[in-house]
Amino acid sequence: MEFNKIGVVGCGQMGSGIVEVAAKAGLEVLAMEITDELIEKGRSRIEKSLGRAVDKGKLSAEDKDAIMGRIKFTSNLDNFADSDLVVEAVTEDLKTKLETFVTLDRVCKPETALASNTSSLSITELAAGTNRPGRFIGLHFFNPVPVMKLVEVVKTVATDEEVIASARAFAEKVGKVPVLAKDGGGFIVNRLLVPYLFDAILVYQNGLATKEDIDNGMKFGCGHPMGPLELNDFIGLDTMYYIGEILFEEFKEPRFAPPPLLKRMVQAGYLGRKTGRGFYDYSK
Ligand code: CAA
């Protein structure tokens, strides 16, 4: 089955990026947010991101208008009834996601595939909340979605082979490189990335080097686009803490335990770029 009519629930940072790449690939997209204000925020985030490409001469103004024309917005999940694929990108909270999927399962036609963009929750647990575990899959995009080339396609023991194939084809269609992972804590990338990012916080906490030198070490020694402390700030320190708690709960291994300094920073409201302060100061 080809996924042509795409629904995206949640139009925040990740959701709006998914909407953008799908519409850019020529697909009809319906995006959902709960209030008119959040719909406007989502729309302007997409406009801004496409506008950047126009300014750089990488996209024509006409193509930008055509892409925006393929995107419709709604505040009602009932409107996803006819979608081929609905990707959920709501807040990273099990209860909120489960409630969303229970409703989608009720309103969508039986053939609709449901996908979660979760980075850390169990796809199996989300799928079990629906009556269509065979048509349930993980589609984990990376931030910033328009730039990062990867999508983790996450299968459970119940996911139909046909849905896996369609999900991979969808990821390729929107210009991404799909990798297939089983549903296990952190999938591939966060399972490897989170211990590294926590280690950077631990060595900084222990006074090994300045934050700038830790970041420069990985940027200029290993060719990473961002150093680990910068990347912690970029992802969001609250998000890092939350993912760490889930992975530690799953594996009970110290390398997944959020470092004490991370906890204190979250408690202090230093959440990284989004609050203007994390390991670095972004207020200016
Ligand atoms: N939306 C759209 N385009 C964007 C963008 C955004 N938010 N941010 C940057 N870009 C584009 C720019 O337009 C530019 O495009 P061109 O090359 O076509 O001109 C390109 O990206 C580079 O941008 P900049 O020159 O402005 O900035 P940069 O070179 O410093 O790159 C970056 C910014 C792409 C974010 C880069 O620093 C990077 O790749 N950082 C690492 C990001 C990363 O690791 N993300 C994964 C996080 S982990 C995750 O998401 C999973 C999880 O579950 C936690």
Side-chain angles (χ1 to χ4, degrees), residues 10-24 41-60 63-64 67 87-93 97 115-123 138-154 174-179 181 183-198 200-201 215-216 218-220 222-247 250 256 258 262 271-274 278-280 282:
C11 211
Q13 186 83 36
M14 298 304 290
S16 62
I18 299 168
V19 172
E20 179 184 331
V21 295
K24 219 171 172 177
K41 265 193 172 168
R43 188 202 307 274
S44 83
R45 200 179 277 120
I46 298 165
E47 289 248 27
K48 198 169 152 197
S49 179
L50 293 171
R52 224 200 263 227
V54 173
D55 292 345
K56 289 188 173 171
K58 296 189 169 174
L59 186 74
S60 71
D63 284 346
K64 180 189 165 209
I67 294 166
V87 184
E88 164 279 316
V90 305
T91 180
E92 195 73 355
D93 171 66
K97 285 187 190 282
S116 177
N117 180 56
T118 182
S119 56
S120 51
L121 297 169
S122 158
I123 301 296
L139 278 176
H140 183 212
F141 288 78
F142 289 73
N143 186 23
V145 177
V147 183
M148 306 311 283
K149 293 289 285 182
L150 188 74
V151 173
E152 289 180 307
V153 176
V154 185
V174 304
K176 304 298 178 195
V177 176
V179 291
D183 181 31
F187 317 136
I188 299 171
V189 173
N190 279 338
R191 177 106 175 236
L192 301 175
L193 181 66
V194 169
Y196 156 66
L197 294 184
F198 284 175
I201 299 174
D215 280 341
N216 281 338
M218 296 311 292
K219 275 199 287 195
F220 299 113
C222 298
H224 291 192
M226 283 179 175
L229 297 170
E230 273 182 289
L231 188 52
N232 269 292
D233 277 354
F234 182 74
I235 293 169
L237 301 189
D238 52 342
T239 304
M240 286 305 302
Y241 184 76
Y242 181 77
I243 297 176
E245 290 237 291
I246 290 180
L247 294 185
E250 173 134 339
F256 293 111
L262 178 66
L271 306 184
R273 280 201 189 190
K274 61 184 157 191
F279 289 100
Y280 294 93
Y282 304 91

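Remember, it's 1-based here, ligands and their atoms both numbered in the order they're listed.
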(request) Give the atoms of ligand 1, by number and element, whose distance to some non-hydrogen atom of Asn190 is under 4.0 Å. (result) 52 (C), 53 (O), 54 (C)

(request) Starting from atom 15 (O) of ligand 1, locate the nearest protein heavy atom and write down its residue, its atom name and how far away it is, to 0.1 Å. (result) Lys56 NZ, 3.6 Å

(request) Report the nearest protein non-hydrogen atom to atom 32 (C) of ligand 1: residue, atom name, distance rounded to 0.1 Å. (result) Met226 CE, 4.7 Å

(request) Report the nearest protein non-hydrogen atom to atom 46 (C) of ligand 1: residue, atom name, distance rounded to 0.1 Å. (result) Asn143 O, 3.4 Å

(message) At less than 4.0 angstrom from any non-hydrogen atom of Leu231, what atoms of ligand 1 do you find?
(response) 43 (C), 44 (O)

(request) Could you tell me which atoms of ligand 1, counted from 1 in the order shown, lie closer than 4.0 angstrom to a heavy atom of Ser119? (result) 53 (O)

(request) Mark up the atoms of ligand 1 that fall under 4.0 Å of a heavy atom belonging to Lys58, in ascending order. (result) 16 (P), 17 (O), 18 (O), 19 (O)

(message) Yes or no, since that's all I need: does a protein heavy atom fall within a distance strictly under 4.0 Å of atom 13 (O) of ligand 1?
(response) yes

(message) I need the nearest protein heavy-atom contact for atom 8 (N) of ligand 1: residue, atom name and distance, please.
(response) Arg52 NH1, 3.5 Å

(message) Among all the protein's heavy atoms, is there at least one whose distance to atom 20 (C) of ligand 1 comes out below 4.0 Å?
(response) no

(message) Please compare Ser16, Gly17, Ser49 and report which has the shortest non-hydrogen distance to atom 2 (C) of ligand 1.
(response) Ser49

(request) Can you pull out the closest protein heavy atom to atom 7 (N) of ligand 1? Residue, atom name and distance to 0.1 Å, please. (result) Pro144 CB, 3.5 Å

(request) Within a distance under 4.0 Å of any heavy atom of Pro146, pick out the atoms of ligand 1 and give their elements. (result) 1 (N), 2 (C)

(request) List the closest protein heavy-atom neighbour of atom 36 (C) of ligand 1: residue, atom name, distance to the nearest 0.1 Å. (result) Pro225 CB, 4.0 Å

(request) For Glu230 and Lys219, run salt bridge (Lys or Arg N to Asp or Glu O under 4.0 Å): C-alpha distance rounded to whole Å, both residues' side-chain angles, the deciding distance at 0.1 Å, then the answer. (result) CA-CA 10 Å; Glu230 273 182 289; Lys219 275 199 287 195; 3.1 Å; yes

(request) Quick one: pull up OG in Ser120 and NE2 in His140 and give me the separation to the nearest 0.5 Å. (result) 8.0 Å

(request) Would you please say whether a donor-acceptor pair under 3.5 Å links the side chains of Asp215 and Tyr280? (result) yes

(message) Does the protein place a non-hydrogen atom closer than 4.0 angstrom to atom 39 (O) of ligand 1?
(response) yes

(request) Evaluate the salt bridge (Lys or Arg N to Asp or Glu O under 4.0 Å) criterion for residues Lys274 and Asp238: first the C-alpha distance (whole Å), next the side-chain angles of each, then the deciding distance (0.1 Å), finally the verdict. (result) CA-CA 10 Å; Lys274 61 184 157 191; Asp238 52 342; 2.8 Å; yes

(message) Checking a contact table here: which protein heavy atom is nearest atom 54 (C) of ligand 1, and how many Å away?
(response) Ile235 CG2, 3.7 Å

(message) Whether the side chain of Tyr242 engages the backbone of Glu92 through a donor-acceptor N/O pair (distance < 3.5 Å, no angle test) should be reported.
(response) yes

(request) Could you tell me whether a side-chain N or O of Glu88 sits under 3.5 Å from a main-chain N or O of Val90, the two making a donor and an acceptor? (result) yes

(request) Decide whether an N or O pair under 3.5 Å exists between His140 and ligand 1. (result) yes

(request) Please report which non-hydrogen protein atom sits nearest to atom 4 (C) of ligand 1, along with the residue it belongs to and the distance in Å to one decimal place. (result) Val147 CG2, 3.2 Å

(request) Please name the pair of heavy atoms, one in Ile188 and one in Glu152, separated by the smallest distance, quoted to 0.1 Å. (result) N-OE2, 2.9 Å

